[in-house]
A.B. asks: 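Could you have a look at this structure, given as structure tokens, before my questions?
Every heavy atom of this structure was used, including side-chain atoms; hydrogens, water molecules and symmetry mates were not.
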Amino acid sequence: SALRHHPNDERILILAAAKWREDGRMTESLQLLEEAVERQPDNLALVQFLGTYLREVNRTAESLKCFEKALELNPDSAKAHFG
């Protein structure tokens with residue numbers, strides 16, 4: 001319900017993606033994050049979460065692009081450097 005009413009809220013998107021991931025719904029989680037990043041390409045948190053989840057499913061080239069984008073957005077991001 002919250003996601004329907006606030007489809008661009010970073011916190012709600014991340015929480016929904018994390019919940020779906022925990023429930024074994026990784027495809028839906030990735031789709032949600034990919035669509036969110038398309039709408040908000042400069043949102044550091046969304047880009048980093050997408051990169052992390054892509055890495056978990058061995059989509060490493062796409063994951064790397066996310067972390068490179070994250071470093072462009074914030075060169076000091078520890079999460080992006082770790083990614």
A.B. asks: With salt bridge (Lys or Arg N to Asp or Glu O under 4.0 Å) as the test, pick out the partner of Glu34 among Arg59, Lys65, Arg39.
C.D. replies: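 With Glu34 as partner, salt bridge (Lys or Arg N to Asp or Glu O under 4.0 Å) holds for just one option, Arg59.
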A.B. asks: Got Phe67 and His81 here, is their nearest side-chain heavy-atom distance under 4.5 Å?
C.D. replies: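 No, every pair of side-chain atoms sits at 4.5 Å or beyond.
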A.B. asks: Quick check for you: to the nearest 0.5 Å, what is the distance between Cys66 atom SG and Leu44 atom CG?
C.D. replies: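 Cys66 atom SG to Leu44 atom CG measures 11.0 Å (nearest 0.5 Å).
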A.B. asks: How far does CG of Leu73 sit from CG of Leu46, to the nearest 0.5 angstrom?
C.D. replies: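 CG of Leu46 is found 11.0 Å from CG of Leu73.
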A.B. asks: Linking I/L/V/M/F/W/Y whenever their side-chain heavy atoms sit closer than 4.5 Å, directly or via other members, would Leu50 and Leu3 fall into one cluster?
C.D. replies: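 Yes, Leu50 connects to Leu3 through the hydrophobic network.
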A.B. asks: Does His6 reach the main-chain N or O of Ala2 with its side chain, forming a donor-acceptor pair under 3.5 Å?
C.D. replies: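 Side chain of His6 to backbone of Ala2, a donor-acceptor pair under 3.5 Å: no, none is there.
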A.B. asks: Determine whether Tyr53 and Arg21 make a side-chain contact, defined as any pair of heavy atoms from C-beta on separated by less than 4.5 Å.
C.D. replies: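 A side-chain contact under 4.5 Å exists here.
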A.B. asks: Side-chain contact test, heavy atoms from C-beta onward, threshold under 4.5 Å: evaluate it for Leu13 versus Leu32 and give yes or no.
C.D. replies: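 Yes - at least one pair of side-chain heavy atoms lies under 4.5 Å apart.
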A.B. asks: Working to the nearest 0.5 Å, report the span between CD of Glu56 and OG1 of Thr52.
C.D. replies: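 If we round to the nearest 0.5 Å, Glu56:CD and Thr52:OG1 are 7.0 Å apart.
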A.B. asks: Other residues, nucleotides and ligands only: do more than 12 of their heavy atoms fall within 6.0 Å of NZ on Lys69?
C.D. replies: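 Buried by this count: over 12 neighbours within 6.0 Å.
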A.B. asks: If you take all heavy atoms of Asn8 and Gln40, which pair is closest and at what distance?
C.D. replies: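 So the minimum-distance heavy-atom pair works out to O-NE2, 3.0 Å.
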A.B. asks: Might you point out which heavy atoms bring Gly51 and Ser63 nearest each other, and give the distance in Å?
C.D. replies: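 Residues Gly51 and Ser63, closest heavy atoms: O-OG, 2.8 Å.
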A.B. asks: Report yes or no: is the cationic atom of Lys79 (NZ for Lys, CZ for Arg) under 6.0 Å from the centre of the six-membered ring of Phe49, at an angle within 45° of the ring normal?
C.D. replies: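 Relative to the ring axis of Phe49, which defines the angle, Lys79 lies inside both limits.
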A.B. asks: Would a 4.5 Å heavy-atom cut-off, applied to side chains only, mark Asp23 and Glu28 as touching?
C.D. replies: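 When only atoms from C-beta onward are counted, Glu28 and Asp23 do not touch, as no gap falls below 4.5 Å.
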A.B. asks: Please report the closest heavy-atom contact between Pro41 and Val47, naming both atoms and the distance.
C.D. replies: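 Minimum heavy-atom contact is O-CG2, 3.7 Å.
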A.B. asks: Do Val57 and Trp20 sit in the same hydrophobic cluster, where Ile, Leu, Val, Met, Phe, Trp and Tyr count as joined when their side-chain heavy atoms come under 4.5 Å apart?
C.D. replies: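 Val57 and Trp20: one cluster.
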A.B. asks: Do Gln48 side-chain atoms and Ala70 backbone N/O form a donor-acceptor pair below 3.5 Å?
C.D. replies: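 Flag not set: sc Gln48 to bb Ala70 has no pair under 3.5 Å.
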A.B. asks: Is Met26 reachable from Ile14 through a run of hydrophobic residues whose side-chain heavy atoms are each under 4.5 Å from the next?
C.D. replies: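 Yes, it is one cluster - the side chains of Ile14 and Met26 are joined through contacts under 4.5 Å.
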